[in-house]
Asker: 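First the structure, then my questions, so here it is.
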Amino acid sequence: MKPIISFQHYGFKYKNQSEPTLKDITLDVYPGEKIWIAGPSGSGKSTLAHCINGLIPFTYGGETSGSLIVGGEEPVNLSIFELSRTVGTILQDQDSQFVGLSVGEDVAFVMENKALPREQMKVDVVTALNMVDMLDYIEHSPYELSGGQKQHVSLAGVLSTDAEVLLFDEPLANLDPASGRLAMQLIDDIHRDRGKTIIIIEHRVEDVLQQPVDRIVLMNEGSIAVVGTPDEILSSGVLRQYGLRPPLYADALEYAGIALDAIKGLSIPQKLDVAGLKDTLNAWSERSGVKPEGARREPLLSAQQLTFGYNLEHPVVRDASLNIGAGEIVALLGNNGAGKSTLSQLITGILKPQSGKLTFAGEDISSWSIRRRGEQIGYVMQNPNRMITQHMISEEVGLGLKVRGIAASEIQERVEQVLKVCGLYAFRNWPVSALSYGQKKRLSIAAILVLEPKLIILDEPTAGQDYQHYKEFMDFIHTLSEQGVGFLLITHDMYLALEYADRAIVLHDGRIIAEDTVAAVLSNQEVTSAARLKETSLSLFAKANDLTSPAQFVQAFINEEKKGKAHE
Amino acid sequence: MNKTGSLYVPGNSLFHRLDGAVKLVLFLCWTVMTYLFLDLRVFAIMLIVGIVLLISAGLPFKRIAFLFWLMITFTLLNAVFILLISPRFGTTLTGTDTPLIPLGYGKINAETLFYVLTLSAKYLSLLPITILCIFTTQPSAFAGSLNRIGIPYKISYSVSIALRYIPDLTTEFKTTLNSMQARGMGVTKEDGSISQRLRNLAAVVVPVLQSALHRIDSVTNAMELRGFGSKRKRTWYSGQEMTPMDWIVALIFVIAATIAIVLKINVLKGFWYPF
């Protein structure tokens, strides 16, 4: 069979860079294959995607070496549009990709550009929307859709072009776990039913592996490090080496002293055919899975029966009560639209509740302004670009102190100390624009930290970061909590909650439906299905292998991870 | 504004069904007619026709209230200032002088009063048609219509794309403002002097603009990947084909504008002052 995409000793160097971003890439992708390209940030996987869909060389210029054939032609000899007949791209940023003012219009965008007659477009749009089950939304505007729905619409638009290859650039980046699962399912359906060649660029291992893939291509520092089937890659244990997080149950097996290299079928949490596995794991769970004593904490923030709604018949948040103690990390979980952001805006004072009471360190803060609350409660938004306004790094951190009228010498001292804590001291005289996304995220925390708040609300702190940065960042948060700072983590990431939070609060439809240790919450099927949370692969694995107590197995894993942290 | 960020109010009146380009022609003809004359009789007729059209479109007053009062206020202010600054201006048009209201430094005369009335009627006759054109036109359909009357599609599409992303920018701006306020740099009264508050506001504008530029970059990529600009022609999903009704309305207004020009040259040459 002839490959549909073929890289032969291919290299690429961006115009304004001195080092090549891609080096000696040799890879054949065959029609009907499902390929997953993985690797840490900066490994060149996005650049590889740009080469396939033609953004390189048409939008981003540079020097190439070796050869690349897409659909039997060299991209350089085509236009970006001709290339898009072979390769359809679904971008990571659904908001930028959705250019139409309505769903129908967006799906029709390619047809409009092909100058199809309107009558035919109307018919084709309906067909395309049917394929992704979004026909009911044809008149909706992008503001009425969730991230997952926007992605479905983009997919419908690409499917209508009959492109043979579908390229997904980080399809899971902005989705909650349930939408992510749905997206992977839809991609797989299209792969099977329509025989499309699928290329997925991602770094979230477990989420991608929910559906089978044919080959994994691991990228590292601009080259292909390893190519193999999921089973081969997982058993070889190389993922961590390339900044990727192996499935948790694979880690758990290692903690329990079981060697991975002989095991088949690790790509999904299923029953494994290994002699004595069940007994070994049960013994390990019992040994290591002791639930830690909950430490007594000074109460910090307490919300009592907060209710808020733009329309009082359907409040967005109703009767929400919660407590956060000093030095405690509490995870706020729930699906999109459950009221998580609204609740945090009520706490920071951006919104005022219709009823209910908020106290901070015993004092009623209901009447405090945003600004006054800001001195005690720091709010770090998901997107650091929404928070950074200054040109220089040290100015950005010192800004909040300056407006509080603190003396310049003291500002300098406090800024330097915070920059040291956040690992940004070396960059203190750099412009903000020189930082990576993850570093900006840290900068936005530094700017809050310098004000010495007692409580910090973190909205999706690890979104868009690869495993290594994720781990560094969260370990840093953990250290801060040991110094007595309380944290409320708003997150979709169950593992983040599992590993770092002391407790979880689950919000569903504006109500708090559960409040317990994270392991207990995530093992409670009633709660997970109501709030559309994902049951962890750990407990799925434990159930599939008939372990005595899945909850204990999960707890054992958490304890081992925490122990690991203490050793570092 | 509705969720899509446009001012469009859905409906099914004659004006809603008219093609966007026809509405543009109509608006241009109407403007030409307004600016040709200085004759209260003409404006009275135009005002009546305009108001009838506006009522027939059935737009909820709440949605148009802001623009409505804005234009009324502007017209009133304009009238008051003319009366105060040049109370005898009417004389230069009619040659007569009938003093009426003493001001101390001069007297407002009847001629000026009538001139101001005519001028206000002139501005107000533009009001109904402006509101109609803005609130009954679906923006993406309008882009298609503009393209049809000969404006290159890359330019007309920018209308639609601006409307698509302006609400995103507004949200970004509000979010950034909130985060700044929590750090002590707000724009409300308690956040310091006016100059300090303006500086705070400016500090927020810069990153939002930067992110807008970044956004333009990724939207451009998305559009190119989907074939925008690859052909010389482009079709439009939204909107309808021109109907006979569109042609009739366009024709009526072009004829009306022609008649108006003829009238202006031959009959209603200057300022109409009946007294």
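A, B, ... follow the sequence lines: proteins, then strands. Residue 1 opens every chain. Keep in mind that what you see is a predicted model, and the values were worked out from it rather than measured.
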Asker: Examine whether an atom of A:Met387 lies under 4.5 Å from a heavy atom of chain B, and if so say whether it belongs to the side chain, the backbone or both; otherwise answer neither.
Answerer: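 For A:Met387, heavy atoms of backbone and side chain both lie under 4.5 Å from chain B.
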Asker: Is A:Val99 close to chain B through its backbone or its side chain, or both, or neither, when contacts mean heavy atoms under 4.5 Å?
Answerer: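 For A:Val99, the contact with chain B is made by backbone and side chain together.
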Asker: Can you tell which part of B:Ile161 gets under 4.5 Å to a heavy atom of chain A, answering side chain, backbone, both or neither?
Answerer: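 Contact with chain A involves the side chain of B:Ile161 alone.
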Asker: Which atoms of A:Ile350 are under 4.5 Å from chain B, going by heavy atoms: the side chain, the backbone, both sets, or neither?
Answerer: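 It is the side chain, since no backbone atom gets that close.
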Asker: Please identify each residue that fulfils salt bridge (charged side-chain N to carboxylate O under 4.0 Å, His left out) with B:Glu224, with sequence neighbours left out.
Answerer: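 Once residues adjacent in sequence are excluded, B:Glu224 has no partner under the salt bridge (charged side-chain N to carboxylate O under 4.0 Å, His left out) criterion.
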Asker: Is chain B contacted by the side chain of A:Val380, its backbone, both, or neither, given a heavy-atom distance below 4.5 Å?
Answerer: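 Nothing of A:Val380, per the 4.5 Å heavy-atom cut-off to chain B.
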Asker: Does NZ or CZ of B:Arg164 come closer than 6.0 Å to the centre of the six-membered ring of A:Tyr143, within 45° of the ring's axis?
Answerer: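 Ring-cation test returns yes.
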Asker: Before giving the answer on side-chain hydrogen bond (donor to acceptor under 3.5 Å, both in side chains), spell out for B:Tyr237 and A:Ser102 the whole-Å C-alpha distance, their side-chain angles and the decisive distance to 0.1 Å.
Answerer: CA-CA 11 Å; B:Tyr237 173 78; A:Ser102 73; over 6 Å; no
Asker: For B:Trp30 and B:Phe253, take the angle between the two ring planes, folded into 0 to 90°, and tell me which bin it lands in: parallel under 30, tilted 30 to 60, perpendicular over 60.
Answerer: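 If you compare the ring of B:Trp30 with that of B:Phe253, the planes turn out tilted.
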Asker: When you measure from the centre of the six-membered ring of A:Phe81, is the NZ or CZ of A:Arg85 closer than 6.0 Å and no more than 45° off the axis?
Answerer: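 Positive - A:Arg85 is close enough to the ring of A:Phe81 and near enough to its axis.
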Asker: Using a 4.5 Å heavy-atom cutoff, which residues in residues 206-216 of chain B come close to chain A?
Answerer: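 Within residues 206-216 of chain B, the residues that come under 4.5 Å of chain A (heavy atoms only) are B:Pro207, B:Ser211, B:Arg215.
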Asker: Provide the full list of side-chain hydrogen bond (donor to acceptor under 3.5 Å, both in side chains) pairs with a residue in residues 242-258 of chain B, sequence neighbours left out, each pair given once.
Answerer: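 Listed by first then second residue: B:Thr243-B:Asp246.
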Asker: Do you see a donor-acceptor pair shorter than 3.5 Å between the side chains of A:Glu112 and B:Thr235?
Answerer: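 Side-chain D/A pair, A:Glu112 to B:Thr235: absent.
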Asker: Sort out for me which of B:Gly144, B:Gly229, B:Ala203 touches chain A most, counting heavy-atom pairs under 4.5 Å.
Answerer: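 Most pairs with chain A among the choices: B:Ala203.
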Asker: Side chain to side chain donor-acceptor pair (under 3.5 Å) with A:Ser444: which residues, sequence neighbours excluded?
Answerer: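 Result, side chain to side chain donor-acceptor pair (under 3.5 Å) vs A:Ser444: none returned.
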Asker: Ring centres under 6.0 Å, that's the criterion: do A:Phe98 and B:Tyr165 meet it?
Answerer: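 No.
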